[in-house]
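Just so it is clear, the values below take in all heavy atoms, side chains as well, and ignore hydrogens, waters and symmetry mates. First listed ligand is number 1; within each ligand, the first listed atom is number 1. Worth saying up front: this structure is predicted, and the values here are computed from it rather than measured.
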Amino acid sequence: MVHRVVFLGPPGAGKGTQASQIARELGVPHLSTGDILRAAVAAGTPLGRKADGHMRSGGLVPDDLVLEILHERLNQPDARVGYLLDGFPRNLAQAGALGKFSEVERVVSLEISPDLLVQRLSARRICPKCQSVYNLVTKPPKATERCDQDGAALVQRPDDLPEAVTMRLKVYAEQTAPLLDFYRKRGLLRSVDASGTPDEVAARIRRVLG
Ligand code: AP5
Ligand code: MG
């Protein structure tokens with residue numbers, strides 16, 4: 001079984017949804033740079049203050065900040081057994097930096113049509129308290145717009161507003177999509193159809209992880 005895995009895919013492809021489940025099955029931590037950055041923004045740390053504007057607009061946070069976060073996180077004891085990276089690397093510079101301190105074993109590319117992405121992102125809601133992710137269409141909470149876990153009023157991620165979504169899709173196409181070739185050439189890339197139910201997608205991912 002592989003233990004050093006990267007999930008690639010455009011915003012809304014289902015990286016976070018799938019990674020939390022698959023990481024448990026692999027026995028490795030799920031490391032999402034987006035989740036770490038959002039927690040820093042919510043806590044108002046110096047890192048969060050630097051990242052906030054970039055994230056709201058849908059642009060990337062500068063590489064030096066993200067690399068520092070990643071380095072620190074991969075040095076924690078639970079990451080000794082491996083990792084499932086969600087949202088990192090995001091460009092060739094980050095992929096190069098990752099390759100210098102860890103050897104990735106498998107890269108899973110979640111593939112999906114732009115129409116479906118926009119539908120998923122516009123209906124996503126999150127709990128500001130526990131960060132649980134919902135979808136008003138495909139994974140609604142039991143009580144209208146309230147978190148099932150703690151009853152908090154659900155909110156929309158600021159970067160799920162239409163203008164930021166357009167920007168994120170553009171950034172993905174320009175900066176992140178070139179990583180597909182980068183990893184294909186190294187024989188690490190496996191593509192998975194990310195449409196269908198979460199269970200169907202998870203079954204496809206398990207198949208390519210072997
Ligand atoms: P990040 O948090 O990584 O966001 P993203 O890549 O844009 O991806 P999302 O989290 O929006 O989508 P997802 O693929 O996880 O989908 P999800 O499972 O939630 O990054 C955010 C920002 O942080 C970046 O823009 C950047 O500013 C910064 N950042 C982060 N990492 C960085 C880095 N390395 N370098 C620089 N900057 C960085 O699913 C979406 C919705 O669809 C949910 O509602 C879910 O319930 C639903 N859904 C999921 N799967 C299914 C399914 N199979 N069927 C139906 N509904 C589904
Ligand atoms: Mg995510």
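Taking a 4.0 Å cut-off on heavy atoms, Tyr134 registers as neighbouring ligand 1. Between Gly9 and ligand 1 there is no heavy-atom distance shorter than 4.0 Å. In this structure, Leu121 has a heavy atom closer than 4.0 Å to ligand 1.
Applying the under-4.5 Å side-chain rule to Ile, Leu, Val, Met, Phe, Trp and Tyr, the cluster around Leu121 extends to Ile112, Leu116, Leu117, Val118, Val165, Leu169.
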Do any side-chain atoms of residues 2-16 form donor-acceptor pairs under 3.5 angstrom with protein atoms, and if so which ones, sequence neighbours left out?
from  : atom 1 : to     : atom 2 : distance (Å)
His3  : ND1    : Met1   : O      : 3.3
Arg4  : NE     : Glu103 : O      : 2.5
Arg4  : NH2    : Glu103 : O      : 3.3
Lys15 : NZ     : Gly9   : O      : 3.1
Lys15 : NZ     : Pro10  : O      : 3.2

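Heavy-atom proximity to atom 45 (C) of ligand 1, evaluated over Asp160, Leu136, Leu85, Thr17, is greatest for Thr17. Checking Arg168, Met55, Met167 against atom 7 (O) of ligand 1, the nearest heavy atom belongs to Arg168. The option from Gly87, Ala194, Pro198, Gly58 that lies nearest to atom 34 (N) of ligand 1, judged by heavy atoms, is Gly87. If you check each of Arg157, Glu200, Gln175 against atom 21 (C) of ligand 1, the one with the closest non-hydrogen atom is Arg157. When the options Val66, Leu37, Thr33 are ranked by their closest heavy atom to atom 29 (N) of ligand 1, first place goes to Leu37.
At a heavy-atom distance under 4.0 Å, only side-chain atoms of Asp159, from C-beta outward, approach ligand 1.
Without hydrogens or angle criteria, Thr138 side chain to Asn135 main chain gives no donor-acceptor distance under 3.5 Å.
Below 4.0 Å from some heavy atom of Gly16 lie the following atoms of ligand 1, by number and element: 13 (P), 15 (O), 18 (O).
Between Gln94 and Asn91 the shortest side-chain heavy-atom distance falls below 4.5 Å.
Comment: Arg124 engages Asp160 in a salt bridge, judged by a side-chain N to carboxylate O separation of less than 4.0 angstrom. Taking the charged nitrogens against the carboxylate oxygens, Asp159 and Arg168 do have a contact shorter than 4.0 Å, which makes a salt bridge.
An N or O contact shorter than 3.5 Å links Thr138 to ligand 1 by distance. When only interatomic distances are considered, the shortest N/O to N/O separation between Gly14 and ligand 1 falls below 3.5 Å.
Closest protein heavy atom to atom 3 (O) of ligand 1: Arg90 NH1, 3.0 Å.
By the 6.0 Å contact criterion, CD on Glu105 is enclosed, its count of non-hydrogen atoms from other residues, nucleotides or ligands being greater than 12.
Under the 6.0 Å distance and 45° angle rule, Arg186 counts as a cation-pi partner of Phe182.
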